[in-house]
Amino acid sequence: MNLQMDRRNFLVTSAGSMLVATSPFLFSTEGWGSNKTTITHSKKTTGTGLSRRQWKTIVAVQDHLFPSEKNSPGAGDVNAKAFFYAVLSDASRDDEDRKLVKEGLITLQDICWKKYKQTFIELKHELREEALRAFEKTTNGTAWIMTVLGYIFEALLTDPVYGGNPDGAGWKWLGHQPGFPRPTIDKRYFLL
Amino acid sequence: MSHDFDVCVVGSGAGAGPIIYELCKAGYSVVVLEKGKHFTEKDFFKDEMATSLRSIYTPDLREQQHVVELPHGENGWRSKPTYNSGWDFWNGSLVGGSSNFMSGFFHRLKPVDFRQLSEFGPVEGANIVDWPITYDDLEPYYDKVEKVVGVSGRVIDHPHQEPRISKDFPYPPTQEHPIAKHIDKACDKLGYHAIPMPRAILSHSDKGRTACSYSGYCGSYGCATGAKGSSRAALIDKAVATGNCEIRAESMVSKIKSDAKGKITAVEYYDNQGKQHQLDAKIYVVACQAIETARLLLNSTGPKHKNGLGNNNGQVGKNLLFAGGGAGSGRLTYKSFNEKDALELHQFGTFINRSLQDWYVINDKDFGDRQKGGTIDFVHLHPNPVSRASRQINGEKGLLWGTELKNKIHEHFTGGKYIKIEAFCDWTPTDNTFVSLDSNIKDKWGLASAKVRIDVHVRNLQTGWYLASKGAEVLTAMGAENVVSFAAGAPPTNLVAGGCRFGDDAQTSVLDKNCRSHEVDNLYVTDGSFMPTGGSVPYTWTIYANSFRVADNIINELGGKKEKI
């Protein structure tokens, strides 16, 4: 049995892999939250395998999928980029997970270039929507978008101790009551 | 002959806790070999990352996995390692096992569960049998669990109440959510008997444990107050305090060794550095949860046990049980209620605590002959916010995103209070739900993984539909919207039993009626593996009660309680 291939099939057909977060990452937020926090999600990190330009594309996709609006926080308000960066730079994750994210970005860029002769970042809102809908129909597109959205939700709704959800912005928006006791900095999951 | 310990217990969950507690209290030395870490209340937080998104209390599937085998084509089977399948059969590898994460919905079995074959006759394609003990044999131990582990509740007079020697529970009910009164009212109208659900949760501080704090995050979370009656909080901590108990956490038992006469000589295990050790004891108790218990026995071959320990009749791993049943949900939309009721419904943290057992035996000509039914529990929607948001992604024509998705999520969280139905019926035991070994898929210690074949008997689905629709009827009568109900064909992997049936016939069962191996004098199995049929309730209370019963037998075998010096 080709386990590596089976793993790939599983990931793209189920979007079942919620990747684990790690990596020190410094960021600040304004607007919905005011924390300045260092995200430290694990003891050992690695490169994400994505270029600076590709990270810019991810941020643009995140903003499109979960936009910041007057009455509700968006991906940019809850540190979704830093959160996703921490996820992908976790050294304990399978390289296959990082590879699939990268391949999805390449497919999306291919669609943009073939249809509009522009990169995703250069497209106006309506064309970004059109490109993402076309991407959704590709073999791995749905799983890729679900993965990106999944980590936006984590940045939005997990405890602020993990670097997202500044000042509980996501919880406040949804009237969500967290449970107690809440995790402390020295009792985050990867330290237990 | 001297031994390292009087008793060696493999595992530390609900099937192990009473043995550890009772034997230590009786003055015997007990060593507990637990694969997972030793967490305490100080390590438990309401952290969705730890419990659900990163699953730190269960093994990394890359290092330890199972193989699931499902029907494929006309008569075939297809197997798949769980790392690549979305399945996960682990429920909690830590001291106290998965009892740390239970919701503590505690129902006893009823007398009819002990004699299903006699009472209802055979079911085609199923291996229904009577138990070798009766409800009366187990009742004193159900009672003991109420007092020792701590069960809160309120006994009311209703037609489906099983016999009990104590008039009421030792702890009053935990605080109830206002939804409970809506359920009571709807059931009164329908002529059903809503009953308070007993919980393995302390409603007031006692036994050195603090009362429930009503944080709203109970099931799948470790309890930070100690109110939840986990095997660790309620029993093992007390056993350790006797000075007779040694917990060896992060110790993975790889094999139970046996001699030319077939008797166990030692247990072999790995510590967290990968170093191998072994120890011996007078008596060995295995309680690793049904699938891993069967796996350990199957992996423990010896001169007299070529097919695995206690498996010369080929019965180890057979007749594995999950829980059959159905599910459903509905929403009490705030704007459909008056201001006072809507405000009450917003309450968070208290429990619904309502069940129906009106169809524990179904006597409905439209459904067929008189037959076994089950229990319906009404519960809150699990509060994990990432999980709730993630379920809103799918739209009618594809994925949702942008403002449309955000509006849907907002409405989901703020528009009303969701109620879920969990309907439990027997998982019908068959020849095609069992545990074997897969030598192609090994764990990080090089041991063959357990392969779990699963086939759902149609009876599970029929009964699940029936019960779930009754629950949905109640939700509708309450004024709930978007009511749905369905039978759940996929097995709940957190509700597992069977695989080492107890019985009087040594050819068709693994254990005798005291849960001792028919073939090995110094081997007991005390998790849910012993159950030949599951009953129509969650298993934990019965596992606790049976383990207390077996503990009494082991103490007698060892010569009774030791005098204090």
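Lettering of chains follows the sequences in order, A, B, ..., and the numbering in each one begins at 1. Quick caveat: nothing in here was measured; it's all calculated off a predicted structure. Just so you know, these numbers use all the heavy atoms, side chains as well, and skip hydrogens, waters and symmetry mates.
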request  = With a 4.5 Å cut-off on heavy-atom pairs, point out which of K137(A), E129(A), E136(A), R133(A) contacts chain B the most.
outcome  =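 Of the candidates given, the most pairs with chain B belong to R133(A).
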Hey, would you say the [X] and [Y] ring centroids sit under 6.0 Å apart?
X	Y	result
H66(B)	W87(B)	no
Y85(A)	W55(A)	yes
Y162(A)	Y189(A)	yes
W90(B)	Y57(B)	no

Side chain, backbone, both or neither of [X] within contact of chain B (heavy atoms, under 4.5 Å):
X	value
L149(A)	side chain
Q177(A)	both
L156(A)	neither
H176(A)	side chain

ask   = Using 30° and 60° as the class limits, which term best fits the ring planes of Y217(B) and Y221(B): parallel, tilted or perpendicular?
value =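 Judged by the thresholds at 30° and 60°, the geometry between Y217(B) and Y221(B) is perpendicular.
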request  = Check whether more than 12 heavy atoms from other residues, nucleotides or ligands sit under 6.0 Å from atom NZ of K408(B), and answer yes or no.
outcome  =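 Yes, because the 6.0 Å sphere around NZ of K408(B) holds more than 12 heavy atoms from other groups.
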request  = Would you indicate whether R62(B), at its atom CZ, is surrounded by more than 12 heavy atoms from other residues, nucleotides or ligands within a distance under 6.0 Å?
outcome  =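 Yes, CZ of R62(B) has more than 12 neighbouring heavy atoms, counting only those of other groups under 6.0 Å.
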Engaged part of [X] at the chain A interface, taking heavy atoms whose separation is under 4.5 Å:
X	result
T403(B)	both
I409(B)	both
F39(B)	side chain
L399(B)	both

